[in-house]
Amino acid sequence: MKKLLAVLLVTVMLVCGCGTSGDSDGADSTEAKDEAAVSISEEELSEVWDSVKPYFEGIDALDEEVTIRYGDGVGYQLSVPIYVAWKSGALKELGVNLEWYPSASGPLRVEAIAADEIDLFGTGFGGIAIGCAQGSIKMLNYINDDSVVQKFYVKKDDPLAAADYNKAGFRGSKEDWKGREVYMQSGSTLQYLLGDSLSKIGLSLQDVTPVYMDQPNVNAAMFAGKGETWGVWNFQCYDATLEEEGFVPVIEGYDVGINLVTGYGTSEKAWSDPSIRAGIEKILEAHYAILDWMMDSDENMEFAAKALTYWGEAEGTAVPYEENLAYLQETHYYTLEENHEYFTETVENNYGTMFKALDMAMGAMDFYISQGNYQESDRKYMIEHQEDLFTAEGLEYVNSVR
Amino acid sequence: MKVKRKFFEKNDLKYTLMTVLTFVVFLMLWQVLAMNNLIVGEYTPSPSEVLEAFIFKIYNVGPDGNLLITNILTSLQISMSGFVLAVIIGVPLGLLMGWYRLLDRFVRPIFEIIRPIPAVSWIPLMIVWIGVGTEAKAVIIFLTAFIPCVLNSYTGIRQTSQALINVAKVYGASNFYTFLHVGVPSTVPMIFAGMRIALASSWSCLVAAEMLAASAGLGYMINMGRNFGRADVVVLGMIIIGFIGYIFTTVFTVIEKIVVRGGTI
């Protein structure tokens, strides 16, 4: 009996021990899952990493290694450059030890940076807007246009699926949309897309019935057939299952002409720390090196799609390679030159003189203010503090060393 | 001889003053810490900012799209639906399980498995089974409030004095009659204690329930406040949830005193 108890005790300890070691580093969940079975072979992956490395030749490494705590989501197109730079070992070669803190949304990352839990983060417009309104962030660049991954779907037997495209570039008339129940992530850019699209046919969000919930809940409702219109974003827009299950897109962000930027942000505190700043500047250098690599050939873009596929599979958000490739090919990544223009040149608009980077956010701000989500005082704060909220220093550093 | 108690005795006044003083000191400390950015996170609002948010939300719909009163009423509707459902099902179930061994053996294993499951983890299944309407949110609340209702009723009726049961039997009372006239009355204080816990649980589970899906409600207001960086609205939502929860508990305690005033068996 004693022996049996001892065996049971040892077994329990071993099981608990294994579980603990697997979860010990919460900052890097992908590391722990790298051994998971994925469809991309080790050989293909090593080809991806080998293909990247020549683009880092000539980039000086830091004298001393620095750890950068980075907050971002998993499997997003905005994160592909930094993910590839990280996983290929290029960042390590440059003296940057990246700790990836996965988090579900931009607003959460802004909370994390305000609490000094991370040094750098990638975010969509949601995080940029909150961070700028609070004054808790410093935007370093814009990564890409997010509008290709913002869509609303209906089932194919819904009359809206067969409705003609209107002049604004999406399906359905005023009558088709009035009173429609729409499930979407609360406080998301999808809300802006819907509101902006409806306004073009003379409706507002008050004319439909928006139901706000977290994105996983939207997905659960969608596949359970609950509701009639669902907002979907990020890689899920390229999920072939949607088409197989009979879902048809009725509003697509890119087609209706909205502009939704993503970018890297940091905090004043992190940017003021010389070693952290040096690490972030190296990350920016690496980001543009990876972009050069991705845009250099179709083969490299395919490699990037393979990396994204591997990442998704390792994290349990599997999207097939072909869809990831389409997703990356349709994404517009802002170049260093474009960014330099946005972050240094100013324009005049109804609200005064501002950086082009801030001007690009004004359309979305108009909408959010009209909905009561933000106030005019938030916009005023952004304009008055734009020199602190948007800095071209990182971009200028990259320009100076390239 | 029964001595009539003064409405406000000296000690009552002293304790009331101490309570008020605690609140005042707490608020002052909070205000000073927030004004000097000494609270972790730097963006923690001060009490005066929360008060401003309160006044703002009475007349304005931002940032969540609803007036404060709409959010309060929506949350009350959801939490009360879940709570009432939990009492109607949970209390009789607990009493019957505690009295009838066969039912206990049959139901208890399932109950014990369901008991530790957090209400939030039911959300995906609720969406598939019931959808995202008020019913689904009420069921999430029900699942939280149901547990203390069952447990307290169960424990209470099992503590019924064996001497009283024996007396009932001697007088020829049937098992069901004894259950109804001896067991249930002796359990009333425990039932009320369970209901009070359930009430607090149902109210505190609001944010989780409104994560399921919402267009209004205090939990929804908190979520939206977070999404749009309005820490003042988040704290306001938290305070209102706490305040309404306190009112509930106070009212419930009064009801409990009235109901059990005659004493129990």
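Here is the naming used below: chain letters follow the sequence lines, and residue numbers restart at 1 for every chain.
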Next on the checklist: Quick check with a 6.0 Å cut-off and a 45 degree axis cone: is A/Arg379 positioned over the face of A/Tyr374's six-membered ring?
Outcome noted: no
Checklist entry - Within 45° of the six-membered ring axis of A/Phe390 and under 6.0 Å from that ring's centre, is NZ or CZ of A/Lys138 located there? => result no
So does [X] pair up with [Y], basic N to acidic O under 4.0 Å?
X: B/Lys57; Y: B/Asp232; value: no
X: A/Arg277; Y: A/Asp119; value: no
X: A/Asp378; Y: B/Arg230; value: no

Could you look at [X] and say if it's the side chain, the backbone, both or neither that has a heavy atom under 4.5 Å from chain B?
X: A/Ala133; answer: neither
X: A/Tyr183; answer: side chain
X: A/Glu111; answer: side chain
X: A/Gln206; answer: neither

Next on the checklist: Is the distance between the ring centroids of A/Tyr264 and A/Tyr142 under 6.0 Å?
Outcome noted: no
Item to check | Partner chain A: residue of B/Gly62, B/Ala214, B/Ser215 with the largest heavy-atom pair count (under 4.5 Å) | outcome: B/Ala214
Item to check | Heavy-atom pair count under 4.5 Å with chain A, highest-scoring of B/Ile127, B/Asn60, B/Leu125 | outcome: B/Ile127
Checklist entry - Based on non-hydrogen pairs under 4.5 Å, which of A/Leu205, A/Ile130, A/Asn373 is most in contact with chain B? => result A/Asn373
